[in-house]
Amino acid sequence: MNTCHFKRGALPVCLSFLSALCITNVQAADAAKKEPWQLAQETEVWEPVPPVIQASANAAPSDAIVLFDGKNLNQWQAAEGGGAAGWKIADGAVTVTPKKGDIKTKESFCDVQLHIEWKTPTNFIGDDGKPQESQGRSNSGVFFQERYEIQVLDSYNNKTYPNGQVGSVYKQSIPLVNAARAPGEWQTYDIVFTAPKFDSAQKLTAPGYVTVLHNGVLVQNHFEIQGATEWIGKPVYKAHGCAPLRLQDHGNLVSFRNIWVRKL
Ligand code: MG
């Protein structure tokens, strides 16, 4: 009820206001009667209960899909042509094998958490006898949905354009810091990727986002992806569905190990 009575020379008295005031007073009185633990219970949420997983040190979480455990490339194929992935495996790692081309997962993914370890070679002398520099030194890349590259590069004492250095969203976002380790040392990427969404008319309805930890350090913080990462030209979105994870053959001997994803 929202009724107000008017009297000459007096303030209007509203029943709805009095009613609300009355209820508030009752609630306050009830609250005053309760013990603190009873009040605390009112904001406890008991459902749903998160599933239990095993998250052991130095092992993939039990709910992860292991994409490479050092033994074989059964989960991978050549990115072009769909034949067998031709990169060499040795000592529990797989190394880019130049001219074999990119490799990609057989399975397609949308939103994921990815863990991947990689190492750049200590010898980065080019065919011309000079040290490779800038983008030419130990370049590879982790592509989400075959389109969105997180750069892999030897950025240890190697100047290049910052939006193309290690930890960058290639040509879109400079990393917050350079957390590069020296060549020959294993490094880690832990990446949360949220896929862009498109409607039935192929129109973008939500951009992609990416958060990247390089060697445990935050280098991309929920960056809004601008479109496919391009070497030349501005990024643009073109509608697509879930798609494979892709690793780049840029002609350099970059190695990878311990690759796993969790679907989100
Ligand atoms: Mg690259």
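Just so you know, ligand 1 is whichever comes first in the structure, and atom 1 is the first atom listed for that ligand.
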*Looking at residues at least two apart in the chain, or sitting in another chain, which of them share a salt bridge (charged side-chain N to carboxylate O under 4.0 Å, His left out) with R257?*
E117
*Please step through ring pair (Phe, Tyr, Trp, His ring centres under 6.0 Å) for the pair H250 and F143, ending with a clear verdict.*
CA-CA 13 Å; H250 204 283; F143 284 76; 10.0 Å; no
*List in chain and number order the residues that pass side chain to side chain donor-acceptor pair (under 3.5 Å) with W46, two or more places apart in sequence or in another chain; answer none if no residue qualifies.*
E44
*What about the rings of Y189 and H214, do their centers lie closer together than 6.0 Å?*
yes
*Ignoring water, what protein N, O or S atoms are under 2.8 Å from the Mg ion (ligand 1)?*
N139 OD1, S140 O, E149 OE2, Q151 OE1, Q248 OE1
*Which pairs with one or both residues in residues 35-82 pass disulfide (SG to SG under 2.5 Å), sequence neighbours excluded?*
none
*Are the aromatic ring centres of W76 and F68 under 6.0 angstrom apart?*
no
